Peer 1: 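What follows is a single structure, and I will ask about it in a moment.
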Amino acid sequence: MGAMQQVVESSLEELFKHNPEILRVCREFGWGKIEIAVKDGKPVMVTVRREIKLS
């Protein structure tokens, strides 16, 4: 893993730690994927994919 990737990962970890609202939204979402497209260092698109888990 490169140094830049480690910086990004620790930044994301801090983001979730200090922004409980993001975690609340994730809990409400339940199951699936939330993808954020970043271009030139800025978020440009959010894709939300709901999945059905069969038990």
Side-chain angles (χ1 to χ4, degrees):
M1 174 164 48
M4 183 55 125
Q5 188 174 350
Q6 283 179 316
V7 168
V8 168
E9 285 182 10
S10 63
S11 296
L12 287 172
E13 198 173 320
E14 289 299 309
L15 175 72
F16 283 106
K17 265 190 219 170
H18 301 294
N19 293 276
E21 183 68 13
I22 294 174
L23 290 176
R24 188 189 63 74
V25 169
C26 289
R27 284 191 195 102
E28 268 184 37
F29 186 63
W31 181 261
K33 293 181 181 174
I34 299 170
E35 209 171 273
I36 301 169
V38 177
K39 184 175 182 180
D40 298 327
K42 295 178 183 169
V44 292
M45 185 168 59
V46 176
T47 304
V48 179
R49 237 180 21 213
R50 185 71 73 154
E51 297 168 356
I52 299 169
K53 186 175 184 181
L54 304 174
S55 51

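The basis for the numbers below is simple: all heavy atoms, side chains too, and nothing from hydrogens, waters or symmetry mates. Throughout, residue positions are numbered sequentially from 1 according to the sequence presented. A quick note: this is a predicted structure, and the numbers were derived from the prediction, not measured.
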Peer 1: Got V38 and V44 here, is their nearest side-chain heavy-atom distance under 4.5 Å?
Peer 2: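 Counting from C-beta outward, V38 and V44 never come under 4.5 Å.
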
Peer 1: Mind checking whether L23 and L12 sit in one hydrophobic cluster, side chains of I, L, V, M, F, W, Y counted as touching below 4.5 Å?
Peer 2: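 Cluster IDs for L23 and L12 match.
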
Peer 1: To the nearest 0.5 Å, how far apart are CD in Q6 and OG in S11?
Peer 2: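 So the CD of Q6 and the OG of S11 are separated by 11.5 Å.
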
Peer 1: What is the distance from atom CD of E9 to atom CD of E14, rounded to the nearest 0.5 Å?
Peer 2: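 Answer for the CD-CD pair, E9 versus E14, is 13.0 Å.
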
Peer 1: Does R50 count as lying over the ring of F29, i.e. NZ or CZ under 6.0 Å from the six-ring centre, within 45 degrees of the axis?
Peer 2: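 R50 over F29 ring: yes.
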
Peer 1: Within a radius of less than 6.0 Å around CD of E35, do more than 12 heavy atoms belonging to other residues, nucleotides or ligands occur?
Peer 2: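 Check fails, neighbour count at 12 or below.
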
Peer 1: Which heavy atom of N19 sits nearest a heavy atom of L15, and at what distance?
Peer 2: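 Smallest interatomic distance, heavy atoms only, reads ND2-O, 2.8 Å.
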
